[in-house]
Structures are given as structure tokens and as C-alpha cells.
Amino acid sequence: MTDVVTPPTSPVSRERSKGIKRSSVISTARQVRMLSRVQLTELTGLSPATLTPLVRELIAEGYLIERGPGASRTGRPRAMLEFNPRAELVAAVSLEPSRINCEIADSDGTVVAHRAVPFTGDITETICRCVPELAGEGLSALRGVAIAAPGVSSGGAVRLAPSVGLVEGRPIGQAVQRHLGVPVVVDNDVNLMAAGEHAAGAGADVADLLLLHVADGIGAGLVLDGRVRRGAGGAAGEVGFLPLDPADRGHDGIGPFEARWSERAVAERVAALAPGRRPDAPVAALVELARDDARAAGYLDEVLTAWSRLIVSCVCVVDPGRVLLSGAAAQLDDAAVDRLQGLVAAAAPSSTDVRRAVLGDRAVLHGAVSYALAAAAGRPALPPGS
């Protein structure tokens, strides 16, 4: 009889197996929050012999906290284990024209620190300095970083972001990852707004939506089947480049549609209609001015018509079902939103609900936190290929 020789398990296989079991314990504890070792055994399917050293290790690392005995109907009360969300921290960074906004959040998405830092030189250097300073003593718990940029992002590189000086492709994601030593995802800020509104805002109850963000530029974030869609080159949603005239291709990273119908363009027209200082909220100022000024009312109609054409163009291609108005577009009053809804309904090939986004400036950071948490957990990030 020939003996069957079982080949030894390689160290790599053992390490991978342990990693899978460890992730199972962390995931279960994160979901249940407070549980006994017996419950952990039942929920993970791991034997007590396997679970005991893993639990000991996770307690030492701060993932699990031993608590007193819990209530028990029968037998001796069992010692409880509580999941500690502060054992894993993520950083969410938003690039703006003159500063970066940085937040540190725990694995529940609870923000534990926030800071706005003016640009002082290179963007990458600013990020790599700000994140460790803000994380402080929690730096060792940092597991991922998400960066929101007002431009096109692909493979961690950012381009067509003139407001932050990134017109040509710049691989800021790779540079930050090398410096901080944790996974880094980079995406367009409007994509992150859409992810934020889908996670915790006006799109939390639907699987498909389009977020139209009007600022100095105009961009759209698209969520289909619960996932942000970015396109082959990361430029999906760059609706500011919608052509108005075949001869006009935009310039310096600014598209022809946004050059005419952005917040900046509206501000310039409002300043001409009502000479004085440039309004801080130009669309709101236009709505107010249009109540008593026929010229302003006519221009407001032009703006609503242009935005409705843009929305209908998007609806014809992707049929999102819901469109969220963000940035300056969210400054429209109820009457103007209703008029915009009517213009869309009259021209769109399918039913489309138009409403305001609700998270405001917080949408970017909500989305960035969700991206960073996905990277920290080793799950595919919302934007494939970042």
C-alpha cells in the first residue's frame, strides 16, 4: 500500500488563510458591535481553537475591547467583546482652488478631526503634511485615503482641473500612497458628491441617480445600480464640455457649456443687471432679482432652459430616474425647481425626478469617507481603476 503524502501548506497559503479568518472576525464584530466569544464562533463558523489566538491578537491591536459579562438567561454570564471603530481611521481630502479640506474619520464614518489648510507650494506635499498632522497619535491606525479633485481622474492621476493648477495629468494618488504607505483612491469631486448623496443624502433611497453640480465649472456624477460610473478614461460626467458651437472647443480646461452657464457666468450677468459687488450666491441673487426685474426674469428663463437641455441630454443616454441639483443649482427656490422639472418633463423620454441635493459641502467628504473605508477594508473602491 502506497502512503499518500500531503504536501505541506506554504507559508503564503497559511498567511492568506489567516488573513481571511481575521477579516471575517473583524467584519462580524463590526456588524454586531457587542458579542461574546461563543456568538463570534457561531457567526464566523471558526472553531474556538482558531478563534482564541485571533481574538487575543485583535484585542492587543485595539480592534476589540473586552467588556464585563453580558446578561444571560441560563448559565454563567459571558464576557463580552465590543468592536472599536477607532482602530481603523481613514482620511478624506478635498482639493479646492486655494486650500484643501481634510477630515479623519473612523470605520463608522464618524469624523474625529477636521482641518482646512491653504496651499503652500506643491499639492502632494501639502496633502502628505496635512494628513499625518491631523491624524496625530492615530496615524498608525490610518488605513486609507481618498482625494477629491475638481477634474478628470484616472489611475490616480488628475487632469483638466485648472482651479487647482492640474490641467495636465499628474499622478498625485501614487505620490501620496508612496509617502503615507496606505491605499489611496482619487476621483472627481462631483463623483464623490454623488457617492455621498447616494450614501447619506437625497439619493439614499434609489439605485440610480445623476447629480448636476454647478460651480465655476459644471460637472455631473452618475450612479447606476448603486455604483459610481466613471467611463473608460474617467471623464464620464464632464458635461461642461457639451458643445454649443462646433467651432468652440473651450480653452484652458474649461468647456463651452460651463463657460456660458456656470455659477461664474451667472455672477457676471447678475453684476451687470444690478451693478455693485459680485453676489456670494449668484443664482439665489438672480432668483430674487427676477421677482421684480423683467430682464432678470428673462435671463433666469434662459438659465433654466439651458440647464434643462443639459439634463435632458443626460436622461436620453443614461435614464437616471432622479437628478439632484448641487452647488449653485441648489440655490434655486421651489418655484424655479418646479419650472426646471416642468421643462425636463416636457422634453425627456422617461420620467425624471428633479430635486435639490441636501448635503451641500458635506457631500464630497461623505463620499470620500465611503471610498477610503472601501480601500481600508480591501473592497473594490466605488470608482474602478482609481
Side-chain angles (χ1 to χ4, degrees), residues 3-92 104-112 135 137-146 177 180-185 195 199-200 225-227 369-384 386:
D3 292 333
V4 177
V5 179
T6 303
T9 304
S10 74
V12 174
S13 297
R14 289 197 300 269
E15 191 65 27
R16 183 177 181 185
S17 176
K18 179 183 177 181
I20 293 172
K21 294 170 184 175
R22 174 189 167 93
S23 295
S24 175
V25 173
I26 292 175
S27 176
T28 300
R30 179 185 288 119
Q31 182 176 2
V32 181
R33 314 302 291 191
M34 183 83 76
L35 72 176
S36 68
R37 286 171 171 80
V38 172
Q39 289 173 306
L40 197 52
T41 299
E42 294 171 349
L43 292 171
T44 62
L46 299 175
S47 68
T50 298
L51 198 61
T52 296
L54 282 175
V55 168
R56 188 182 301 120
E57 183 178 289
L58 292 174
I59 290 174
E61 293 177 13
Y63 279 90
L64 298 175
I65 301 172
E66 286 191 290
R67 299 299 188 190
S72 177
R73 294 182 179 178
T74 59
R76 187 177 62 183
R78 294 165 177 159
M80 304 298 288
L81 298 169
E82 181 181 6
F83 175 72
N84 176 23
R86 298 291 174 91
E88 291 183 325
L89 300 177
V90 296
I104 304 296
D106 65 20
S107 61
D108 282 343
T110 301
V111 174
V112 299
E137 295 180 356
L139 183 60
S140 61
L142 188 69
R143 298 291 184 268
V145 177
Q177 184 162 313
L180 297 180
V182 296
V184 175
V185 290
D225 298 324
R227 291 179 60 81
V369 166
S370 70
Y371 274 38
L373 288 174
R379 303 190 302 272
L382 287 171
S386 278

Which atom of [X] lies closest to which atom of [Y], heavy atoms considered:
{"X": "T41", "Y": "L46", "value": "CG2-O, 3.0 Å"}
{"X": "L142", "Y": "V182", "value": "O-CG1, 3.3 Å"}
{"X": "I104", "Y": "A91", "value": "CD1-CB, 3.8 Å"}
{"X": "A29", "Y": "F83", "value": "O-CB, 3.3 Å"}
{"X": "A87", "Y": "G62", "value": "CB-O, 3.6 Å"}

Roughly how far, to the nearest 0.5 Å, is [atom2] of [Y] from [atom1] of [X]?
{"X": "I59", "Y": "E61", "atom1": "CD1", "atom2": "CD", "value": "11.0 Å"}
{"X": "R67", "Y": "L35", "atom1": "CZ", "atom2": "CG", "value": "13.0 Å"}
{"X": "L89", "Y": "T110", "atom1": "CG", "atom2": "OG1", "value": "11.0 Å"}
{"X": "M34", "Y": "L81", "atom1": "CE", "atom2": "CG", "value": "9.0 Å"}
{"X": "I65", "Y": "L58", "atom1": "CD1", "atom2": "CG", "value": "12.0 Å"}

Quick one, K21 with R16, criterion side-chain contact (heavy atoms from CB on, under 4.5 Å). Give me CA distance, side-chain angles, the key distance, then yes/no. CA-CA 9 Å; K21 294 170 184 175; R16 183 177 181 185; over 6 Å; no

Evaluate the side-chain proximity of [Y] to [X]: yes if any heavy-atom separation is below 4.5 Å, no if none is.
{"X": "N84", "Y": "Y63", "result": "no"}
{"X": "L64", "Y": "E82", "result": "no"}
{"X": "R22", "Y": "S27", "result": "no"}
{"X": "L40", "Y": "V55", "result": "yes"}

Could I get the full list of salt bridge (Lys or Arg N to Asp or Glu O under 4.0 Å) partners for E137, not counting sequence neighbours?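 For E137, no residue satisfies salt bridge (Lys or Arg N to Asp or Glu O under 4.0 Å) once neighbours in sequence are set aside.
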
With sequence neighbours left out, what residues match K18 under salt bridge (Lys or Arg N to Asp or Glu O under 4.0 Å)?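 K18 satisfies salt bridge (Lys or Arg N to Asp or Glu O under 4.0 Å) with E57 once adjacent residues are dropped.
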
Short question: side chain of [X], backbone of [Y] - any donor-acceptor pair under 3.5 Å?
{"X": "S23", "Y": "G19", "answer": "yes"}
{"X": "R143", "Y": "A141", "answer": "yes"}
{"X": "T28", "Y": "S24", "answer": "yes"}
{"X": "Q177", "Y": "P183", "answer": "no"}

Could you list the residues that satisfy side-chain contact (heavy atoms from CB on, under 4.5 Å) with S36, not counting sequence neighbours?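 Listed in chain order: V38, Q39, R78, M80.
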
Sorted by first residue and then second, give each salt bridge (Lys or Arg N to Asp or Glu O under 4.0 Å) pair with at least one member in residues 40-53; sequence neighbours left out.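 Passing the test, one end in residues 40-53: no pairs.
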
S140: which residues meet the side chain to side chain donor-acceptor pair (under 3.5 Å) condition with it, sequence neighbours left out?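 Testing S140 for side chain to side chain donor-acceptor pair (under 3.5 Å), a comparison that skips the adjacent residues, returns none.
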
Set of side chain to side chain donor-acceptor pair (under 3.5 Å) partners for R56, sequence neighbours left out: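 Testing R56 for side chain to side chain donor-acceptor pair (under 3.5 Å), a comparison that skips the adjacent residues, returns none.
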
